Amino acid sequence: MTDARSGFWDWARSVVEHRRAQSPAARPGQLYQTSTMDALLAGVYDGDATVAELLRHGDFGLGTFNGLDGEMVVLDGTCHHLRADGTAVSAAPDERTPFAAVTRFGPGRTVSLTEPANWAEVTARIDDLVGSDNVMCAVRIRGDFTALQTRTVAAQHHPYPPLVEATASQAKARFTDVSGTLAGFRMPEFEQGISVAGYHLHFLTADQRRGGHCLDFQMSSGTIEVAQLSELHLSVPQTEAFRSAALNAADTSDQIRRTEGGH
Ligand SMILES: [Zn+2]
């Protein structure tokens, strides 16, 4: 990069960082997202947004950490770092993320689940409740799970492989008879590539000690809360890796199915 270009770049980055520092906390109905699924698929695993910054924009959400070092779940204003060994700890404010989405959860519609239900049944209930495929929703499901399967991505090293390769070695965990919370989003098909179209849910046990990206579940009872979102604030990394990444692959949907699970 020439001096002139790198000078411009330094200036542009300082403007963006200044604006981010000033940006007001999000209100309910607004989804704040840093980077895109396309970028994650392309191996852009280092972002510049910090956990502290994310938490200014929401108290609920999900994502991953720089280097693809585990899964993130944000619940009640706490950012949890779910490691590849299945354990969960509170994330430090200065940890960074290459992909995350948060909102200030609520107000939402609530449904009590009194009969056993699996992924397909629970998501069908939510789809009925929302009544449109074109609406973004935050979804919080608290309850007792008779079976639940998660995966957790493992830290990657340079040169970063694409996500389909990185997730091939993901650690999977099976939970039985566990209480906890599924937190995430239902996104419309037209956001595939920016986000994960359909349901994307991360799990945290009630004791906040284990969790991961949910692949499947069966629950015995619980509560479903759905909050509709009307705005998407997309913040993209001010990094050379993002600027030079080859985005918008022709097989984005197929890659997302392979990396995020079959639902
Ligand atoms: Zn995930």
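When a ligand or atom number is given, it counts from 1 through the structure's own listing order. Just so you know, these numbers come straight off a predicted model, no measurement behind them.
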*Would you list the protein N, O or S atoms within less than 2.8 Å of the Zn ion (ligand 1), leaving out water?*
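Listed by chain and number, the atoms are His200 NE2, His202 NE2, His213 ND1.
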
*Taking Glu95 for its side chain and Ala92 for its backbone only, find out whether a donor-acceptor pair lies under 3.5 Å.*
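Pair found, side chain donor or acceptor close to backbone of Ala92.
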
*Spell out, as yes or no, whether a donor-acceptor pair under 3.5 Å connects the side chain of Tyr32 to the backbone of Leu234.*
no

*Does the side chain of Gln156 come within less than 4.5 Å of Asp69's, by heavy atoms?*
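They are not in side-chain contact.
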
*asked:* Among residues at least two apart in sequence or on other chains, which ones pass salt bridge (Lys or Arg N to Asp or Glu O under 4.0 Å) with Arg210?
replied: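 Residues passing salt bridge (Lys or Arg N to Asp or Glu O under 4.0 Å) with Arg210: none at all.
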
*Co-members of the apolar cluster containing Leu41 [side chain, <4.5 Å]*: Met37, Leu40, Tyr45, Leu68, Phe99, Val153, Tyr160, Leu163, Val196, Ile256

Let me check something: any side-chain donor-acceptor pairs from residues 176-187 under 3.5 Å, sequence neighbours excluded? List them with distances.
from, atom 1, to, atom 2, distance (Å)
Ser179, OG, Asp144, OD1, 2.6
Arg186, NH1, Asp127, OD1, 3.0
Arg186, NH1, Ser132, O, 3.4
Arg186, NH2, Ser132, O, 2.5
Arg186, NH2, Val135, O, 3.1

